[in-house]
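It should be emphasised that the depicted structure is a prediction, and the values quoted were computed from it without experimental measurement.
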Amino acid sequence: LPQESPDPMLRLHLSGEILYANVPAQYLLRYWQREVNDRVPEAVLDWVEQCIAEKSDLVEELYLGDRLFRVLMVPFVHSHYVNLYATDMTEQRRAEKEALNARDLALSASEAKSQFLAIMSHEIRTPLNAILGMLDVLGEGCLTADQADYIRMSQQAGKRLMALITNLLDISRIEAGRLTLNKTPFCLPELVQETLDVFQLRAREKGVLLQSCFAEALPRYFKGDGARLAQILFILLDNALKFTDQGYIRVHFFAFKALPEGKVQLYCAVEDTGIGIPQEKHESIFELFSQADTSTTREFEGSGLGLNI
């Protein structure tokens with residue numbers, strides 16, 4: 001046994017006799033002498049007996065006051081003794097406990113945040129729906145051109161706020177693991193066209209052409225969460241139209257792959273002739289609250305939630 005080892009090392013006989021102890025092991029011996037009035041505690045002798053009887057290595061944990069040691073015993077059966085190697089695990093165990101506490105605290109904070117977002121999103125949406133409803137009623141009255149403009153701008157601002165609240169609610173559901181996918185039949189071309197129709201007015205005002213195309217062999221009907229698929233298309237189309245001032249925006253459903261149990265995997269792309277995304281931003285734009293242009297003078301509005309969803 002090397003004398004210069006920084007860890008305590010002992011050679012213990014089955015009778016309890018200490019055959020060897022290096023310098024660091026003196027800490028163990030002094031502690032045992034002071035606290036248990038014995039050179040080797042009964043529990044340690046029991047381990048020695050078990051190790052020799054089973055003819056196999058034995059690993060145990062040994063507390064000396066506020067210090068924790070990992071003890072490895074290696075038997076020498078014919079000579080009736082074991083080599084005991086002790087490693088101080090106090091700091092490592094403390095660090096592991098702190099890491100677990102920090103993780104639990106972070107999970108608790110994340111859960112609290114998700115619950116807060118869900119509650120606040122619901123509480124804000126209820127009065128906002130009433131405001132949007134009253135604006136619709138006002139818009140049907142006899143209005144001057146200026147008044148109609150005021151109503152239209154208020155409606156646009158309200159709808160933008162509603163979309164932001166919906167995104168926040170979805171983020172909180174996703175983080176809490178509570179976002180479920182429905183399985184209902186839907187017609188893919190109709191779903192895509194209905195989503196495109198939402199953007200037709202904005203696209204015409206900008207002079208941008210909206211298109212959709214489907215692979216010839218692609219089925220029309222599927223079973224799945226059509227509402228979530230429409231939401232994904234809405235987010236991608238909204239981004240595309242935001243950053244495209246001329247040309248076209250095209251939704252491709254260009255292939256599908258058959259999977260076991262009657263499932264299929266659809267391949268979809270939204271293509272546009274807009275300003276594009278710098279290569280170095282391709283990963284970061286999918287992070288929460290992240291945008292390609294983060295300057296205070298950026299031209300395009302956005303919360304940085306859509307692509308993360």
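Because its NZ or CZ atom is not both nearer than 6.0 Å to the ring centre of Phe199 and within 45° of the ring axis, Arg202 does not count as a cation-pi partner of that residue.
For the pair Val192 and Phe253, the minimum side-chain heavy-atom distance is below 4.5 Å. Put simply, the side chain of Val74 reaches to within 4.5 Å of the side chain of Leu72, judged on heavy atoms. Taking the side chain as every heavy atom from C-beta outward, Phe222 and Pro185 never approach each other to under 4.5 Å. The side-chain heavy atoms of Cys213 and Arg250, taken from C-beta on, include a pair separated by under 4.5 Å.
The nearest pair of heavy atoms linking Ala203 to Leu210 is CB-CG, 3.7 Å.
A donor-acceptor pair shorter than 3.5 Å cannot be found between the side chains of Glu17 and Tyr81. Under 3.5 Å, the side chains of Asp46 and Gln50 contain no donor-acceptor pair of N or O atoms. Donor-acceptor pairing under 3.5 Å is lacking for the side chains of Arg152 and Gln155.
When atom types are taken as modelled, the side chain of Thr195 and the backbone of Leu233 share no donor-acceptor pair closer than 3.5 angstrom. Checking side-chain atoms of Gln147 against main-chain N and O of Thr144 turns up a donor-acceptor pair under 3.5 Å. Asp88 contributes a side-chain N or O that, together with a main-chain N or O of Thr90, makes up a donor-acceptor pair within less than 3.5 Å.
In Gln211, the CD atom is crowded: over 12 heavy atoms of neighbouring residues, nucleotides or ligands sit closer than 6.0 Å.
A continuous path of Ile, Leu, Val, Met, Phe, Trp and Tyr side chains, each step under 4.5 Å between heavy atoms, connects Met9 with Val59, placing both in one hydrophobic cluster. By the rule that hydrophobic residues join a cluster once side-chain heavy atoms approach within less than 4.5 Å of another member, Phe254 and Leu196 end up as members of separate clusters. Cluster membership check: Met89 does not share its hydrophobic cluster with Leu58, using side-chain heavy-atom separations under 4.5 Å among Ile, Leu, Val, Met, Phe, Trp and Tyr.
A salt bridge links Lys206 to Asp245: at least one charged side-chain nitrogen sits closer than 4.0 Å to a carboxylate oxygen. By the 4.0 Å N-to-carboxylate-O rule, Glu98 lies too far from Arg103 to be salt-bridged with it.
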Exercise for the section: Take Leu266 and Leu188 through the test side-chain contact (heavy atoms from CB on, under 4.5 Å) and record every step on the way to the result. Expected result: CA-CA 11 Å; Leu266 283 173; Leu188 182 62; 4.3 Å; yes
